[in-house]
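Chain A is the first sequence line, chain B the second, and so forth, proteins listed ahead of strands; every chain is numbered from 1. These values consider heavy atoms only, across backbone and side chains, with no hydrogens, waters or symmetry-generated copies.
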Amino acid sequence: MSDKALYRDVNENPCHMCMPMGGILPIKGVEGGMVVIHGSQGCSTYMRRYISEHFSEPIDVGSSSLNEKGTVYGGEKNLKQALDNIRKVYNPKLIGVLTTCLAETIGEDINRMADEYLVERQISDLTIVPVSTPGYGGTQAEGYFLTVREIVARLAQPTPKHNKVNVIVPNISPADIREIKRLLDLMGVEYTLCPDFSDTLDRPYLEHYSKMAPGGTKLEDIKAMPGALATIELGATIGDEYSPGQFLLDKYGVPLYTVPIPIGIKNCDTFFRAIKEITGKALPDSVRTERGRLLDAMVDSHKYNFAGRSVIFGEAELVYAVSQLCIENGVYPAVVATGGAGGKLAELLHPMVKECPEPVKVLPESDFSEIREKSSSAGVNIAIGHSEGRYLTEHENIPLVRIGFPVHDRVGGQRILSVGYTGTTLLLDRITNTLLESKYRTYREDMYNLYYKEDSGGLSATKDEVNSDGLHCMS
Amino acid sequence: MSQAQAIDGRQDFIITKGKQKAHLKCDADSIAGCVSQRACVYCGARVVLNPITDAIHLVHGPIGCSAYTWDIRGSLSSGEELFRNSFSTDLREQDVIFGGEKKLTAAIDQLAAKYHPKLIFVYSTCIVGVIGDDLEAVCRTAAKRHGIEVIPVQSSGFIGNKSAGYRAACDALFRLIEPENRELVGKDKSINYLGDFNLAGEAWIIRDYLRQMGVTVNVVLTGDATYADLKKATRASVNIIQCAGSMHYLAGRMEETYGIPYMQVSFLGLEDTSESLRRIAAVIGDSEVVARTEALIAREMSHTAPVIEGYRQKLAGKKAAVYVGGGFKAISLIKQFRELSIEVVMIGTQTGRQEEYDTINDLASDGTVILDDANPSELERFMTDQEADLLVGGVKERPLAYKLGKAFIDHNHDRKHPLSGYVGAINFAKEVYTTVCSPVWKYVRAGGEGHE
């Protein structure tokens with residue numbers, strides 16, 4: 001789609017964040033990974049605040065703290081000092097260097113600086129991964145995938161064929177990542193899941209605290225990704241230029257299976273079909289039972305769900321998977337929105353929304369002002385997305401089912417489980433119960449207003465028409 | 001415990017009371033890679049101006065700066081809610097190449113047409129400072145075209161630290177409050193209350209105390225302030241300042257230009273609240289005000305003091321670590337913890353000034369670690385070494401405290417309960433009790449029931 005048509009002069013209440021924000025998460029998902037943001041001090045602080053609130057974890061991120069001098073004469077000295085200090089305090093195995101608007105605008109060549117730094121300091125046991133993430137270059141979603149791609153590109157080495165499957169995950173919760181690992185383990189599939197922040201960003205309470213969280217994808221495993229049987233990338237919407245799987249295919253010929261996040265029966269089936277195609281391993285009985293329970297839940301709740309008219313917003317990849325779940329359960333979306341261009345989202349949604357009984361507005365490059373306006377006029381009664389959607393609850397009384405990033409106004413963002421047959425069942429229950437809660441809260445008053453007439457003797461005044469509770473039927 | 005290596009250059013920013021000469025380095029740039037907890041110039045400016053309720057806050061820059069500051073403070077409004085939106089020119093690559101002035105002009109035009117504001121603040125961000133958009137010119141032209149005030153805030157992130165942002169906000173405010181009629185300057189017997197952002201209604205609480213004393217508040221800067229309120233700011237005869245870090249500079253400029261004197265107050269804790277109210281009464285210099293103030297203090301203390309005493313008995317002997325934004329808060333917290341018989345064993349700020357650190361040093365007990373612009377590694381080390389039971393801090397510090405098994409007090413923009421005045425002192429004591437005496441610690445700490 002054309003950027004021109006979507007170019008707006010003013011964004012009112014953003015539905016997306018900036019590129020380096022997205023880059024931090026995958027670096028935190030590799031073993032011994034630490035981050036330096038090359039820019040002014042505030043960038044790292046804002047991002048740390050958001051991430052630490054979502055995960056309830058300490059999020060240490062270095063900054064090159066560029067000041068006026070660094071901006072005028074170049075920030076090389078600052079960046080190298082930052083790398084020195086981060087190494088001293090954290091002793092990382094890998095440092096991701098993410099640029100910012102400022103560094104990109106003054107033309108910092110971080111690739112050269114990183115290479116020179118390693119030579120100057122004569123270091124061989126540290127990997128530096130420079131990633132170009134100007135804040136104006138894309139959203140956190142592009143920043144996330146590009147950083148994964150650069151980590152893989154930097155570490156990957158020609159490797160003899162082995163039996164592992166590469167699994168690339170988008171920004172899903174630590175609980176989601178653990179669920180995918182559980183399922184793969186159950187099936188006896190060997191895999192390298194990257195990035196894996198299921199432990200690093202959701203640490204158990206331990207007697208002793210360590211500055212570097214244990215866990216993360218092992219660097220050795222990332223190095224060996226080119227020898228894998230195939231790559232499964234949960235990244236249906238992302239552009240090829242951001243895709244780590246595409247990189248492994250182009251450079252090393254690793255077959256790529258691009259699938260949506262396994263949320264919803266169809267997306268879960270697609271995921272397991274890909275596993276079967278690659279490894280020959282079929283669904284174990286226990287997982288088949290989980291699938292059956294999901295189907296059972298779908299039937300149990302289908303009438304309640306059909307009363308739902310949803311707005312789905314957030315990162316394109318999650319929005320795509322949740323849209324599928326909503327469509328297959330009759331919680332038909334009225335508005336599907338993402339803050340950035342959304343990669344292939346609009347194109348992928350097109351055939352899906354055609355099947356919906358009522359019109360669906362697909363809004364790339366959106367903001368909450370637009371999302372609110374369209375949701376209100378379409379009679380939306382449930383919102384599904386991250387915490388910023390509380391704006392819809394406050395202003396339009398639309399209840400919010402929290403999923404995605406960031407969840408900063410409730411606890412447990414890191415524990416929200418929504419993938420696989422079991423995760424889908426839990427998510428569907430959250431959606432259904434939110435609809436039921438609204439219904440129980442208002443139905444007595446609604447019925448009273450609709451039907452109760454005072455016996456006043458004279459002609460009763462016509463009651464104002466009251467909106468139905470969002471019931472709609474196929475015509 | 002993993003012992004962090006000290007970063008070169010950080011030694012000067014850390015002292016132990018009684019062990020070294022009491023001179024601490026502060027108000028300097030953060031050292032690259034030290035993982036400072038500080039935010040940027042833009043953040044400083046935005047947090048000071050954002051509580052102005054009927055203004056449009058337009059961020060000229062890429063989306064992040066606006067996204068991370070949407071509805072940033074828990075400031076409450078008694079009227080307009082326009083300030084709770086975050087507007088951005090959402091600059092893209094082509095804007096960075098060709099300049100963002102046209103886009104900014106269009107953004108102001110659209111917002112003026114849609115919301116009819118009397119006042120628009122346009123914040124500059126890092127790249128605006130580099131690509132050289134002429135914010136002054138764009139704002140001047142737009143102001144004329146729409147017949148409203150459009151004030152640029154020079155808050156490019158790299159020009160300094162958060163304090164520079166406070167100054168940028170004060171400069172913008174100073175422009176805004178310039179009176180049309182100079183003859184009215186200092187003519188009201190009222191006071192301005194600077195440096196309260198009406199978090200959880202704090203400015204309302206203080207305003208009510210002052211009303212009971214017979215003192216009129218002209219305008220609060222900037223909690224629950226409107227354009228019209230701010231336009232009469234120069235009529236007051238005295239400025240009182242709570243958050244000195246952000247507002248000291250504006251008070252200085254107002255004194256210099258309009259001859260309005262200022263005094264420092266603090267409404268955190270019983271001691272500071274009572275003392276501040278008394279000083280305000282003395283400055284007003286009316287014996288009836290003084291009498292009403294004493295009556296108010298007696299009334300409030302009679303039901304607050306026993307509650308605080310109840311908490312004190314449960315908390316006596318605990319040790320606190322403090323890491324907050326500004327110096328005034330740190331100073332008050334030392335006294336407030338003393339009211340609970342809690343000793344402060346570590347104390348630091350992001351943007352404290354030299355004279356504030358001198359006061360902190362005077363108040364602190366021997367052995368207290370005092371530090372400026374701390375980082376997580378230092379916070380971890382000193383909280384552990386000093387055996388603190390709890391930490392006072394902001395959102396980023398909270399999970400670190402919890403991971404270390406320390407209790408935590410939220411003293412940040414986001415809080416939903418007031419910590420000012422007598423009611424705030426009760427809330428504070430209650431929060432300390434709630435976090436220090438929670439049963440969960442029994443299970444998680446070494447030797448506890450949950451310890452394997």
Asp8(B) versus chain A, the contacting section by heavy-atom distance below 4.5 Å:
both
Provide the closest heavy-atom pair for Pro130(A) versus Ile110(A) in the form atom of the first, atom of the second, distance.
CB-CD1, 3.5 Å
Taking the side chain as every heavy atom from C-beta outward, state whether Thr45(A) and Lys396(B) have any atom pair closer than 4.5 Å.
yes
When you check the gap from the basic side-chain N to the acidic O, do Arg38(B) and Asp372(B) get nearer than 4.0 Å?
yes
Highest number of heavy-atom pairs under 4.5 Å with chain A: which of Gly160(B), Gly61(B), Ala107(B), Gly394(B)?
Ala107(B)
Any chance the side chains of Asn412(B) and Asp414(B) put a donor and an acceptor closer than 3.5 Å?
no
Of the backbone (N, CA, C, O) and the side chain (C-beta and beyond), which part of Glu104(A) lies under 4.5 Å from a heavy atom of chain B, both, or neither?
neither
Do you know which two heavy atoms are closest between Cys126(B) and Phe158(B), and how far apart they sit?
O-CE2, 3.3 Å
Does one side chain, of Glu315(A) or His386(A), offer a donor that lies under 3.5 Å from an acceptor on the other?
no
So for Leu104(B), is it side chain, backbone, both, or neither that comes closer than 4.5 Å to the heavy atoms of chain A?
neither
Given a strict heavy-atom distance threshold of 4.5 Å, which part of Ser369(A) is in contact with chain B: side chain, backbone, both, or neither?
side chain
Under a 4.5 Å heavy-atom cutoff, which of Pro62(B), Gly129(B), Ala401(B), Gly100(B) has the most pairs with chain A?
Pro62(B)
Answer with side chain, backbone, both or neither: which region of Leu404(B) has an atom nearer than 4.5 Å to a non-hydrogen atom of chain A?
both
Without hydrogens or angle criteria, can the side chains of Thr99(A) and His38(A) be said to hold a donor-acceptor pair below 3.5 Å?
no
Determine the option with the most heavy-atom pairs under 4.5 angstrom with chain A, choosing from Ala106(B), Ser156(B), Ser86(B).
Ser86(B)
At a 4.5 Å cut-off on heavy atoms, which part of Lys416(B) comes close to chain A: side chain, backbone, both, or neither?
neither
Heavy-atom cut-off 4.5 Å, strictly under: side chain, backbone, both or neither for Ser40(A) against chain B?
side chain
Under 4.5 Å from a heavy atom of chain B, the part of His408(A) involved
neither
Glu387(B), CD: over 12 other non-hydrogen atoms inside 6.0 angstrom:
no
Among Gln81(A), Lys80(A), Arg48(A), Lys69(A), who wins on heavy-atom pairs under 4.5 Å with chain B?
Arg48(A)
Pick one of side chain, backbone, both or neither for Thr71(A), based on which atoms fall under 4.5 Å of a heavy atom in chain B.
side chain
Quick check on Phe55(A) against chain B: is it the side chain, the backbone, both or neither that has a heavy atom closer than 4.5 Å?
neither
Any donor-acceptor N or O pair under 3.5 Å, side chains Tyr115(B), Glu12(A)
yes
Distance alone, cut at 3.5 Å: any donor-acceptor contact between the side chains of Ser65(A) and Ser30(B)?
no
Need one label for Leu58(B): side chain, backbone, both or neither, based on atoms under 4.5 Å from any heavy atom in chain A.
side chain
Measure distances from Val130(B) to the heavy atoms of chain A and classify the residue's part below 4.5 Å as side chain, backbone, both or neither.
side chain
Cationic N near anionic O, under 4.0 Å, Lys103(B) to Asp95(B):
yes
His60(B) and side-chain hydrogen bond (donor to acceptor under 3.5 Å, both in side chains): which single residue from Thr125(B), Asp90(B), Asp133(B) fits?
Asp133(B)
Where on Glu81(B) is there a heavy atom nearer than 4.5 Å to chain A: the side chain, the backbone, both, or neither?
side chain
Contacting region of Leu66(A) [heavy-atom separation from chain B under 4.5 Å]
backbone
Part of Val61(A) lying under 4.5 Å from any heavy atom of chain B:
backbone
Highest number of heavy-atom pairs under 4.5 Å with chain B: which of Ser63(A), Gly135(A), Gly62(A), Gly39(A)?
Ser63(A)
Looking only at Asn85(B), Ile97(B), Thr89(B), the option with the highest number of non-hydrogen pairs under 4.5 Å against chain A is Asn85(B)
Are side-chain N/O atoms of Gln110(B) and Asp9(A) paired as donor and acceptor at under 3.5 Å?
yes
Can the positive tip of Arg372(A) be found less than 6.0 Å from the middle of the six-membered ring of Tyr391(A), inside 45° of the ring normal?
yes
Leading residue by heavy atom contact count with chain B [cutoff under 4.5 Å; candidates Met21(A), Arg203(A), Gln41(A)]
Gln41(A)
Top contributor to chain A interface from Asn375(B), Val96(B), Leu91(B) [non-hydrogen pairs under 4.5 Å]
Val96(B)
